[in-house]
Participant: 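This structure is in structure tokens; I'll ask about it shortly.
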Amino acid sequence: MGTLVSAKGIAEGVENSNYLVDATGGRFILTLYEKRVDEADLPFFLALLDHLAESGNPVPRALRDTHGRQIQRVAGRPACLIEFLPGVWPTQPTPVQARAAGGALGRMHVALQSFEGERPNSLGPAGWHALANRCGAQLDAIAPGLRTRVTGELAWLDAHWPSALPRSVVHADLFPDNVLMLGERVTGLIDFYFSCTELRAWDLAVMHAAWCFSGDGRQFDTALGDALIAGYDAEHPLLPEERAAFPALARGACLRFLLTRAWDWLNTPADALVTRKDPLAFLRRLDHYAAL
Ligand SMILES: Nc1ncnc2c1ncn2[C@@H]1O[C@H](COP(=O)(O)OP(=O)(O)O)[C@@H](O)[C@H]1O
Ligand SMILES: N[C@@H](CCOP(=O)(O)O)C(=O)O
């Protein structure tokens, strides 16, 4: 790494504190893990990054110190120094970029077939019930009738969740802001701190819900959706049963982000430094999939 030249905070992101670090030996990202990341999960996440990078995926590794340790302690928090990857995230993805991103997910899923780590998904179906209960009647303060709508959706998902589909470790949060690109090439997949063992096709459903709508969720872009799925399918063919279950998986994805955003909306002070994300943007996406 050499010696430090400069370090500056990166304002993007809502989970951890990140710094862009320039040293005489190169450029790095210093991540300080804040309270949402359980320190006990870090060995799983770091082993996953190593496995994916070794398999040729554009995933950044955490550096090791001279004792071989990846996890350090900085300012009282667990911290890692992570490889810097070039690129910027696509704020308005094109179909060609969506196809490339779908392909990157497919290749990652191929590499994950030989990854042996496991981590339960705390934001799977059981977690949605728990989170909905914790939000409780306050959901109606976000939008009148939201609590009843969420309760109905949970019941529908309980009855239709395709739990027999193949499982794998998944990224679980591959929004455009977690994919770095240079032009039409994917140069980085980052922010694996929700990754967990889940229905494999759920990863693509999360991406579909995140990539293929206008930011407010009012408009679905068919060309983006088709390109994303075609890109994935070319690298990791979807099974017929995964295709059939896609609307249910996407409804589950929308409910997951609706609920975490609702919780943050209700519990983040309006003057906090993080931007609260709109839960209703995922209710509108949910309406789209429910109408299929
Ligand atoms: N390995 C990396 N290489 C280059 N930039 C990165 C890397 N990791 C994070 N970043 C930058 O930091 C920002 C926030 O990182 P992210 O992991 O998404 O934070 P959070 O977990 O808080 O959401 C990203 O949008 C990106 O600009
Ligand atoms: N993608 C989630 C929020 C997770 O935040 P990230 O900055 O860690 O990607 C959402 O949009 O609700």
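As the structure lists them, so they are numbered: ligands from 1, and atoms in each ligand from 1. Model, not experiment: these values are computed from the prediction.
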Participant: Are any of the N/O atoms on Y193, whether in the backbone or the side chain, positioned under 3.5 angstrom from an N/O atom of ligand 1?
Facilitator: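 There is no such contact.
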Participant: Can R285 be said to sit on top of F257's aromatic six-ring, NZ or CZ under 6.0 Å from centre and within 45° of the ring axis?
Facilitator: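 Checked: cation-pi criterion not met.
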Participant: What atoms in ligand 2 come closer than 4.0 Å to a heavy atom of D191?
Facilitator: 6 (P), 8 (O), 9 (O)
Participant: Look at atom 4 (C) of ligand 1 and find which of I190, V37, L85 reaches it with the closest heavy atom.
Facilitator: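 Looking at heavy atoms only, L85 sits closest to atom 4 (C) of ligand 1.
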Participant: Quick check: does D173 get an N/O under 3.5 Å from an N/O on ligand 2?
Facilitator: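 Yes, D173 has an N/O under 3.5 Å of an N/O on ligand 2.
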Participant: Report, in ascending order of atom number, the atoms of ligand 1 lying under 4.0 Å from any heavy atom of N178.
Facilitator: 18 (O)
Participant: Should W89 be counted as touching ligand 1, given the test is an N or O pair under 3.5 Å?
Facilitator: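 Looking only at distances, the answer is no, because the N/O contact criterion of under 3.5 Å is not met.
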Participant: Where's the contact between T260 and ligand 2, heavy-atom distance under 4.0 Å: side chain, backbone, both or neither?
Facilitator: neither
Participant: Under the criterion side chain to side chain donor-acceptor pair (under 3.5 Å), I'd like the reasoning laid out for H171 against N178: C-alpha separation, chi angles, the key distance, then a yes or no.
Facilitator: CA-CA 10 Å; H171 182 287; N178 289 328; 4.8 Å; no
Participant: Just distances here: any N/O of F84 and N/O of ligand 1 closer than 3.5 Å?
Facilitator: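 N/O-N/O distance under 3.5 Å: no.
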Participant: Which atoms of ligand 1 sit under 4.0 Å from any heavy atom of P60?
Facilitator: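 Contacts of ligand 1 toward P60, numbered from 1: 1 (N).
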Participant: For ligand 1, note which part of N16 has a heavy atom under 4.0 Å away: side chain, backbone, both or neither.
Facilitator: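 Answer for N16: both.
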Participant: Hey, which atoms in ligand 2 end up nearer than 4.0 Å to a heavy atom of F257?
Facilitator: 2 (C), 10 (C), 12 (O)
Participant: Establish, from distance only, whether the side-chain atoms of E34 and S17 form a donor-acceptor pair under 3.5 Å.
Facilitator: yes
Participant: Would you mind reporting whether L165 and R200 have side-chain heavy atoms less than 4.5 Å apart?
Facilitator: no
Participant: Are any non-hydrogen side-chain atoms of L42 and P78 less than 4.5 angstrom apart?
Facilitator: yes
Participant: Determine whether the side chains of R147 and T151 contain a donor N or O and an acceptor N or O closer than 3.5 Å.
Facilitator: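 R147 vs T151: no donor-acceptor pair found between side chains.
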Participant: Do the charged groups of R167 and E118 touch, with an N to O distance under 4.0 Å?
Facilitator: no
